[in-house]
Number of protein chains: 2
Amino acid sequence: MDRVKQAQEDSTDTATQILDVAERLVQVRGFNAFSYADVAGELGLTNAALHYHFPSKPELGEALIARYAIRFMGALAEIDESFSDPLQKIDAYTGLYAGVLRSQRMCLCGMLAADYETLSTGMRGAVVDFFEGNERWLAEVLKQGRDDGTLDFPGSPLEEARSIVSGLEGAMLIARSMGEIKRFKSAATHLMTALRP
Amino acid sequence: MDRVKQAQEDSTDTATQILDVAERLVQVRGFNAFSYADVAGELGLTNAALHYHFPSKPELGEALIARYAIRFMGALAEIDESFSDPLQKIDAYTGLYAGVLRSQRMCLCGMLAADYETLSTGMRGAVVDFFEGNERWLAEVLKQGRDDGTLDFPGSPLEEARSIVSGLEGAMLIARSMGEIKRFKSAATHLMTALRP
DNA sequence: GTCTATAGGCAGATAGAC
DNA sequence: GTCTATCTGCCTATAGAC
């Protein structure tokens, strides 16, 4: 876990470079469709060097999710600081997803949700935690919006939050295959529209 | 393609049994996380026997999607015959997805959408066709519902159809990881609620 | 149609030199 | 920290006997 912190501070660190390449490969191809050799090849390293930094593939996977989750939660904290209007917060939230999709990638944890049955227990827990963190943040924003009258929706804030996270992940998943970011934008707008009182 | 037809008529046919096992493995683990040996082992056959029926893995993959798409479109035709009310049709449509999830599986094409970048061009085209077929059918139902006043939604029927397909696929993807079918049901209900005038 | 046998390659992982 | 060298195992795929 110290390695994760260090990686955020020094972007030329080898461990960081490994995480960067591996992250992209997982987001594009999936956890079971990339190899240590793929990453090593891109960085001009050997297979063995990677194993020094991340002894096993599941450990690499857990480090990937940990870093991704920290970054994502950090982005949510920035949104909280930048906006007070709940609708603007949610708009910024969908923007995070759009940014990922724009780089031709799927959400890391969305991809890992597809690979879920083949993951180690450590990776599984981390994926679940990621989604629960997203839902908690979003539910809080929704609650705030309902309280101040800027948002309206049926059911509980948590249920609505779950529907939104599902909708965004599904829209990313399909938009990537269909080759149109427009499809994602349309789905995101649709989810936002449904929140207007 | 003749093999697909034959497979639907004779469920003891070896090709059919291969497709059955491979289909489940793809839906649970993903296309890159199952092997010919996995399928052969379950059926008490050898690797070589599978290659006789499906010479290469991409060809097996294309046969899987072809059969899945035929079955799914058949189910949509049955819905059209069974119901005339658009809302009931859509309820039955979400029921198809719920049935897949209930058997601990992800939608075949939703899973393949995650694996998309690693698929052959033939498989990619078949996945896209599957989603477009779904969207077309759903858009037609939505149009019918808007025309007869039983449904209301913002934007075009096709845009709404795409949002619904995305929402259902995303809900399946996440509900499977979170281990709660309830989550899917909740999301499906949410999508239906939004269609009421 | 299914088998045995096998090819050729790539996977994740380790030992030991530098 | 990174290398070379190597292990073991699994992968897709094929040849040829039955």
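Convention: sequence-line order gives letters A, B, ...; per-chain numbering from 1.
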Of the listed nucleotides D:dA13, C:dA11, C:dT2, the one nearest the side chain of A:S35: C:dA11
Among C:dT2, C:dA11, D:dC11, the nucleotide that comes nearest once only the side chain of A:A37 is considered: C:dA11
All N/O pairs under 3.5 Å across the protein-nucleotides 3-9 of chain C interface:
unit_1, atom_1, unit_2, atom_2, d
C:dC3, OP2, B:T46, N, 2.8
C:dC3, OP2, B:T46, OG1, 2.9

B:K89 and B:D85 ion-paired at < 4.0 Å: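 No, B:K89 and B:D85 are not salt-bridged.
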How long is the line joining [atom1] of [X] and [atom2] of [N], in whole Å?
X     : N      : atom1 : atom2 : result
A:F54 : C:dG12 : CZ    : C1'   : 16 Å
A:F34 : C:dG12 : CZ    : C1'   : 11 Å
A:Y36 : D:dG9  : OH    : P     : 20 Å
B:N32 : D:dC11 : CG    : P     : 12 Å
A:H53 : C:dA13 : NE2   : C1'   : 16 Å
A:D13 : D:dT2  : CG    : C1'   : 14 Å
B:L50 : D:dC11 : CG    : C1'   : 14 Å
A:K57 : C:dT14 : NZ    : P     : 15 Å

Side-chain N,O (A:T14) to OP1/OP2 (D:dT2) below 4.0 Å: yes
Short side-chain N/O contact from A:H51 to OP1 or OP2 of C:dA15, under 4.0 Å: no
B:L43-B:V26 co-clustered via ILVMFWY side chain contacts under 4.5 Å: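 Yes; B:V26 is reachable from B:L43 via cluster members.
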Residues A:R183, B:E159; criterion salt bridge (Lys or Arg N to Asp or Glu O under 4.0 Å); working and verdict: CA-CA 8 Å; A:R183 294 174 88 100; B:E159 281 174 339; over 6 Å; no
A:Y116 six-ring face occupied by B:R176 cation (under 6.0 Å, within 45°):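 B:R176 over A:Y116 ring: no.
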A:P55 to A:Y36 - nearest heavy-atom pair and separation: C-OH, 4.2 Å
Over all atoms of both residues, closest heavy-atom pair of B:E160 and B:F153: OE1-CB, 3.6 Å
Gap separating the CG atom of A:L76 from the CG atom of A:L138, nearest 0.5 angstrom: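 One finds 9.0 Å between CG of A:L76 and CG of A:L138.
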